[in-house]
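Read through the structure below, which is laid out as structure tokens, and then see the notes.
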Amino acid sequence: MKSNVRVAAPPQKPLLVYDGDCGFCTLWINRWRCVTGDAVEYLPSQDPLIADRFPEIPLEAYRTSVQLIELDGSVHNGSEAVFLSLSRNPEFHWLLDIYQVFPPFAHFSEWGYKFVAKHRPLFSIVTKLLWGRHVELPSYFLMRRSFLTCLGLIYLIAFVSLWVQISGLIGH
């Protein structure tokens with residue numbers, strides 16, 4: 001939801017400020033970093049630079065929801081801040097489009113964000129049960145390497161078998 005607050009000294013790139021003491025928040029910020037790459041900067045609200053850089057935002061606001069500070073100085077919070085930050089990746093822009101075009105979705109997502117924010121310890125446990133200790137996007141490196149190694153062994157066996165049988169199959 002867009003806040004009435006505007007900061008006097010906006011950041012060089014969009015900045016998402018989150019509660020660094022919250023394990024749930026930290027888990028999901030790590031995933032969002034993978035999604036947005038370098039398009040968005042992330043800082044915990046406990047960072048001493050935050051209070052000095054953005055005195056317009058009350059400290060209590062950081063404890064209740066994430067705060068996205070845009071290049072023009074506007075401040076967004078709650079699910080809108082999440083969708084705006086994720087929309088920096090074109091694959092996730094559809095979430096922001098639905099949020100902006102369909103008011104019932106916006107209302108429901110804000111309600112859901114507030115519900116999760118009030119029950120963060122419970123959702124932290126649910127997250128760890130469903131995703132494990134790390135929610136970052138998987139790289140599939142080991143699976144890809146294993147698959148290609150096995151495929152290479154299968155080709156090796158096939159060509160060695162052909163080499164042994166080639167004279168019988170084709171003739172001299």
Side-chain angles (χ1 to χ4, degrees), residues 11-47 65-71 76-117 119-172:
Q12 296 294 328
K13 64 179 169 178
L15 173 65
L16 190 81
V17 183
Y18 64 97
D19 184 2
D21 290 336
C22 172
F24 177 78
C25 301
T26 305
L27 274 175
W28 284 101
I29 291 296
N30 288 336
R31 180 162 185 128
W32 297 344
R33 275 191 179 115
C34 296
V35 170
T36 60
D38 291 334
V40 178
E41 186 178 352
Y42 298 90
L43 279 177
S45 61
Q46 291 76 17
D47 190 313
S65 72
V66 294
Q67 305 291 317
L68 179 69
I69 305 165
E70 293 280 6
L71 303 177
H76 303 271
N77 56 35
S79 62
E80 183 181 28
V82 173
F83 296 144
L84 278 167
S85 63
L86 291 176
S87 72
R88 299 303 196 266
N89 181 335
E91 292 178 22
F92 290 88
H93 200 278
W94 63 273
L95 289 167
L96 180 63
D97 292 339
I98 293 173
Y99 182 90
Q100 292 173 336
V101 173
F102 192 55
F105 176 76
H107 180 71
F108 180 74
S109 64
E110 289 296 339
W111 175 84
Y113 184 92
K114 288 175 186 171
F115 182 79
V116 170
H119 302 94
R120 287 188 263 182
L122 170 69
F123 282 97
S124 183
I125 292 168
V126 170
T127 298
K128 287 179 183 172
L129 286 174
L130 295 176
W131 279 273
R133 299 185 132 263
H134 305 283
V135 295
E136 294 90 3
L137 292 173
S139 66
Y140 302 109
F141 172 76
L142 291 175
M143 186 55 65
R144 187 171 48 238
R145 184 176 185 148
S146 301
F147 175 77
L148 291 174
T149 302
C150 289
L151 186 64
L153 288 172
I154 290 169
Y155 273 111
L156 177 69
I157 292 168
F159 281 110
V160 167
S161 173
L162 178 66
W163 181 56
V164 170
Q165 302 174 38
I166 195 78
S167 60
L169 291 172
I170 298 177
H172 293 289

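Computed from heavy atoms alone, side chains included, the values below leave out hydrogens, waters and symmetry copies.
The distance from the CG atom of Asn89 to the CH2 atom of Trp32 is 14.0 Å, given to the nearest 0.5 Å. Residue Phe24 holds its CZ atom at 10.0 Å from CD1 of Ile29, rounded to the nearest 0.5 Å. The OG1 atom of Thr127 sits 9.0 Å away from atom CG of Leu122, with the distance rounded to the nearest 0.5 Å. Rounding to the nearest 0.5 angstrom, the gap separating the OG atom in Ser124 from the CH2 atom in Trp28 is 11.0 Å. Interatomic distance, OG1 of Thr26 versus CZ of Arg31, reported as 16.0 Å (0.5 Å rounding). Going from atom OH of Tyr42 over to atom CG of Asp47 covers 16.0 Å, rounded to the nearest 0.5 Å.
Between Arg88 and Glu41 there is no salt bridge, since none of the side-chain N atoms of the basic residue sits less than 4.0 Å from a carboxylate O of the acidic one.
Residue Gln165 places its CD atom among more than 12 non-hydrogen atoms of other residues, nucleotides or ligands, all under 6.0 Å distant.
A ring-centre distance under 6.0 Å is found for Trp111 and Phe115.
When every heavy atom of Leu84 is checked against every heavy atom of Leu68, the shortest pair comes out as CB-CD2, 3.5 Å. Across Ala81 and His76, no two heavy atoms sit closer than the pair CB-O, 3.5 Å. Closest approach of Ser65 to Gly78, counting heavy atoms only: OG-N, 3.6 Å. Considering all non-hydrogen atoms of both residues, Ser85 and Val40 come closest at O-CG2, 3.8 Å. Listed here is the closest heavy atom pair of Ser45 and Val17: CA-CG1, 3.6 Å. Closest heavy-atom contact between Ser79 and Ser109: OG-OG, 3.2 Å.
In this structure His93 satisfies the side chain to side chain contact (heavy atoms under 4.5 Å, CB included) test together with Ser87, Leu96, Asp97, sequence neighbours excluded.
The closest donor-acceptor contact from the side chain of Glu80 to the backbone of Ala106 lies at 3.5 Å or more, if one exists at all.
Looking at heavy atoms from C-beta onward, Phe92 lies out of side-chain contact with Thr36 at the 4.5 angstrom threshold. Residues Gln12 and Leu71 fail the side-chain proximity criterion, which asks for heavy atoms closer than 4.5 Å.
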Self-check item: Pair Val35-Glu91, side chain to side chain contact (heavy atoms under 4.5 Å, CB included): steps then yes or no
Solution: CA-CA 9 Å; Val35 170; Glu91 292 178 22; over 6 Å; no

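Classified by interplanar angle (parallel below 30°, tilted 30° to 60°, perpendicular above 60°), the ring pair Phe105/Phe83 is parallel.
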